[in-house]
Amino acid sequence: MKPDIRDFTRAELEEELLSLGLKATHAGRVFECLYKQGITDFEEMAEVPPKVRAALAGKYSLCPFPPAEKRVSLLDGTQKLLFRFHGGAPAESVILPGKGRLSACLSSQAGCACGCTFCATGALGLKRDLRPSEITAQFAACLREAGGSLSSLVFMGMGEPFLNWENVKKAILILSDGRSWNYSQGKMTVSTVGIVPVINELATSTLKVKLAISVVAADEVLRAKLVPMQAKYPLSEVIAAARSYCRARKAQVFFEYIVFTGVNDSAADAEKLIRLIKGIDCRVNLIPHNSPAGRTGDGEPSVKTKAFQKQLIAAGLRTYLRLEKGSDILAACGQLAAKLP
Ligand code: SF4
C-alpha cells in the first residue's frame, strides 16, 4: 500500500519532494490543498503544478477517511464521534461543551496497552497505533462539528499518547503548521499516565504543548492496583520528572486525580497528594470516577469530592473539579471503548 501523504509533516514532505527531483517549496501549496481546502484527490489540487501532482499521485495515497458515526448527549450536548479506520481500528473523539467554549478530545491509539483497571479503553487492549493522518482526521471532523472553532484540544481519548509519541508529535506539527490549520500548540494538552522518558524529552523539546499527568492516586500501593504502568514508572519517578519538566520549561503541569468514592477521597488521601506534589507549579484536575459501563450518579461531584477539593485549595493548590460529561453516550473519561449506545 502506498504511504498516505497526510502522514508527513511539511518538513518531511519537502524532503520527499526533493527526493523526487521537485522543488521543496511546493510542499506549502500541497499542505494548503490538503488541510485548508480538504482536498482528497491529487487531480483537484489546482494550485499545484500538474507535474508535481502526477509525481505525488504515483507515490502516495490520498483517500477520504470513512465518515465518523456520531452520538450527542441529551444531558449536556457532549458529542462523540466514532471512526473506523483502516483494518477496523476504532478510535473515538469527543467534543465537550463548556461555558462559551468547545474543546475536542482526540485518540492517539486504537485501544490501549496500559490496562488501567478503571478504563474501558484499557480493557480493549491495543489494536494499533494511529497514524498522524488518522489523528488529524479526528481534528478535522471535530472542527467541522464545532462549526469551525475549537477553544482547546486534548490528547486524552483512547490510547497513551506517549506510547505513540512519534506519530502524535507529527500530528501536532501538522495541526499547528501555518499552511494547514495553524492551530496553536499552546491550546493543546497531551495527557500521559506517566511515561517518564517522554516527559523528560518534552521538557527539552521546542513543542509548546501543555502536559497533563494522570496521578490517579497519591499512594504507590493503591496506584499499582489501578495503573499497571506504575510497575515500570513508579509515581516517585513520575513526580520527579514532572518537577524537572516544570523547572526546565518554566511551565505549569496538570495533575489528573481520579476520585474513587471510598478509595482515595479521604482527608488523609488529600494530605498525601498535597505532600507528593508540594512545590510543583501545577493545577490539580479532580475527575470523579465514571463507571466504564455508563452513568451511575446524577453527574454532580459528591460531598466528599468537594471537601477533598477544599483541602487542596486550603493548602494553596490550584484545582479544577471536572463535571461528568457525556456519560449517557459513553463519552466521559474512562468510558471510551468504541461502542455507541
Ligand atoms: S487511562 Fe489512558 S493510559 Fe490508562 S488504559 Fe485508559 S487510555 Fe490507556
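Both backbone and side-chain heavy atoms feed into the values below; hydrogens, waters and symmetry mates do not. Numbers here are sequence positions counted from 1. Atoms within a ligand are numbered from 1 in the order they appear, just like the ligands themselves.
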Looking only at protein heavy atoms, which one is nearest to atom 6 (Fe) of ligand 1, and how far off is it?
Cys119 SG, 2.3 Å
Which atoms of ligand 1 sit under 4.0 Å from any heavy atom of Gly122?
5 (S)
Is the gap between the ring centers of Phe65 and Phe83 under 6.0 Å?
no
Answer yes or no as to whether an N/O/S atom of Cys116 is found below 2.8 Å from atom 4 (Fe) of ligand 1.
yes
Do the rings of Phe260 and Phe118 sit parallel, tilted or perpendicular, given the 30° and 60° boundaries?
perpendicular
Please step through side-chain hydrogen bond (donor to acceptor under 3.5 Å, both in side chains) for the pair Thr136 and Ser133, ending with a clear verdict.
CA-CA 5 Å; Thr136 55; Ser133 54; 5.8 Å; no
What atoms of ligand 1 come within less than 4.0 Å of a heavy atom belonging to Cys114?
3 (S), 8 (Fe)
Out of all atoms in ligand 1, which are within 4.0 Å of some heavy atom of Gly115? Include the element for each.
5 (S)
the protein heavy atom lying closest to atom 2 (Fe) of ligand 1 turns out to be Gly159 O, 4.2 Å
How close does the nearest protein non-hydrogen atom get to atom 8 (Fe) of ligand 1, and which residue and atom is it?
Cys112 SG, 2.3 Å
Name the orientation class of the two ring planes belonging to Tyr35 and Phe31 (parallel below 30°, tilted from 30 to 60°, perpendicular beyond 60°).
perpendicular
Measure from the ring center of Phe8 to the ring center of Tyr60 and say whether it is less than 6.0 Å.
yes
Lys310 NZ/CZ over Phe308 ring centroid, <6.0 Å and within 45° of normal
no
